[in-house]
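Reading through the structure tokens given below for one structure.
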Amino acid sequence: MIYFLAGVAAIAGFLFGYDEGVIAVAEPLLAKDFPMSPGVRGFMTAAVPLGALIAAIFAGPIIDRFGRRRVLMFAAALFTAGAIVAGLITAIWMLVAARLVLGVAIGLAAVGAPLYISETAPIKSRGAMVSTYQLAITIGILISYLTGLVITGNGMWRHMFGLGAVPGLLFLFGLAFLPESPRWLILKGHADQARASLRRLRDARWDVDAELQEMVLNAKAEAGRGVGYRALLEPNIRPAVLVAVGLFFLQQLSGINAVIYYAPEIFNHAGFASGETRILATVGIGTVNFATTILAMFLIDRLGRRPLLVLGFAGAAATMLIIALAVTNPTMVPSWLVIAMLMLYIASFAIAIGPLPHVMMSEIFPLRVRGPGMSTASISNWGFNFVVVFAFPVMLAGPGLAFTFSVFAVICLGGIAFTLLRVPETTGHSLEAIEKHLCSGKPLASLRREAVVR
Ligand code: BGC
């Protein structure tokens with residue numbers, strides 16, 4: 001059941017990636033039917049991150065109030081409706097509205113889905129299970145790039161947009177068969193339903209009562225303490241906020257979406273003249289992103305979060321710097337080296353910088369502030385996503401590619417320091433053990449694999 005749950009919840013990630021990537025390939029066809037001014041085009045493209053940013057603000061409190069599963073079902077309905085409307089539009093303002101609705105669905109699901117998986121998964125595979133969400137994002141991006149290769153021809157953009165309704169419906173249908181999160185049920189005082197939910201989620205030999213008891217004790221210890229956004233300012237909670245917001249800041253400022261959204265343009269700057277080569281190289285990027293995320297899922301619960309993050313940031317910094325040097329001296333450096341370095345950059349991202357912020361934001365907040373805490377992390381994700389995607393073309397036209405990539409490299413070096421100084425090792429700990437450590441007043445980053453004996 002837990003695998004089915006992780007699979008269904010991850011459809012939200014697929015839709016996140018699909019709706020991010022599809023505009024890159026649909027836009028040239030769309031522009032033939034609906035010519036747009038640059039301003040309208042920019043707003044239409046940015047409607048998804050904008051909707052997601054707005055939804056992220058409200059997602060946590062809504063999810064805490066109505067339950068993880070119910071809010072995800074609402075998001076699934078929005079995904080389906082948004083895709084159908086986007087496929088049927090007769091004017092551009094309708095597409096802007098549809099993309100705003102899709103953005104809201106992504107924003108709700110980007111908080112709800114990792115939270116739902118994290119609260120229902122067994123400790124030993126929690127990291128891998130939440131990473132299925134990131135894997136699904138990469139599949140969504142890859143499939144959207146591939147539709148650009150396969151679905152060509154006038155008016156076909158309608159099919160590209162409309163196709164999103166299929167996973168939307170599957171998501172809704174799958175959720176109908178799943179139980180609510182036992183931890184949320186305990187938070188709301190429904191211990192019997194929590195037990196029934198956990199029974200469905202675990203196999204027959206599992207000691208459900210012991211696991212439930214840990215959840216109940218934790219909820220009792222936390223009862224009567226602050227909830228909502230204001231509680232995030234409490235001295236014990238602040239370090240968790242810093243880690244979650246900081247990891248998403250670093251994820252976005254590592255430059256990932258400059259590559260994901262503008263890969264063909266970057267290849268153009270690196271001297272690839274043929275459009276076809278550029279699209280193929282872009283599909284290559286999508287493939288490396290996807291394949292390395294699978295490797296990450298295998299390593300996260302084995303190697304641990306901190307070593308992987310250090311490895312990822314080091315790899316991303318080195319490759320960004322090499323590309324910056326290569327494009328400054330184009331005559332001395334073969335162009336295949338730029339492609340190879342971009343692939344290595346994507347692999348460094350996908351091994352840690354991609355999945356771990358999503359995994360850790362679902363682990364480090366105490367239950368009573370998990371909703372608002374994850375909302376805040378998601379605001380950081382979408383806010384900085386918007387900044388990078390919006391600023392990258394301006395930076396390319398101004399200081400240029402080498403300078404911009406050097407900035408990304410320096411930020412990745414900062415990521416190594418941040419990981420070593422601030423990020424806890426959550427591998428092998430129950431959510432309750434992490435919470436206990438946080439509330440004990442010890443520095444969050446002092447949590448180590450061996451430190452808590454269960
Ligand atoms: C990020 C997205 C990014 C994607 C690439 C995700 O973790 O949040 O902004 O596009 O990874 O795989």
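Counting starts at 1 for both ligands and their atoms, in listed order. If you're wondering where the values come from, they're calculated on a predicted model, not measured in any experiment.
Note on Arg368 versus Glu435: no salt bridge recorded, every NZ/NE/NH1/NH2 to OD/OE distance being 4.0 Å or above.
Of the possible donor and acceptor atoms, one in the side chain of His429 sits under 3.5 Å from a partner among the backbone N and O of Arg448.
A perpendicular orientation is assigned to the rings of Phe161 and Trp157, their planes being inclined by more than 60° (bins at 30° and 60°). Using bins of under 30°, 30° to 60° and over 60° for the plane-to-plane angle, the ring pair His358/Phe16 lands in the perpendicular bin.
Side-chain contact between Ser362 and Glu119: absent, with no pair of heavy atoms (C-beta onward) separated by less than 4.5 Å.
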Ligand 1 polar-atom proximity to protein (N/O, under 3.5 Å):
| residue | atom | partner | partner atom | Å |
| --- | --- | --- | --- | --- |
| ligand 1 | 7 (O) | Gln134 | OE1 | 2.6 |
| ligand 1 | 7 (O) | Gln134 | NE2 | 3.4 |
| ligand 1 | 7 (O) | Gln251 | NE2 | 2.9 |
| ligand 1 | 7 (O) | Gly354 | O | 3.4 |
| ligand 1 | 7 (O) | His358 | NE2 | 2.9 |
| ligand 1 | 8 (O) | Gln251 | OE1 | 3.0 |
| ligand 1 | 8 (O) | His358 | NE2 | 3.4 |
| ligand 1 | 9 (O) | Gln252 | NE2 | 3.1 |
| ligand 1 | 9 (O) | Asn257 | ND2 | 2.8 |
| ligand 1 | 10 (O) | Glu20 | OE1 | 3.1 |
| ligand 1 | 10 (O) | Asn257 | OD1 | 2.6 |
| ligand 1 | 11 (O) | Gln134 | NE2 | 3.1 |
| ligand 1 | 12 (O) | Gln134 | NE2 | 3.3 |
| ligand 1 | 12 (O) | Asn289 | ND2 | 3.0 |

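For Asn381, the side chain to side chain donor-acceptor pair (under 3.5 Å) partners two or more places apart in sequence, or in a different chain, are Gln252.
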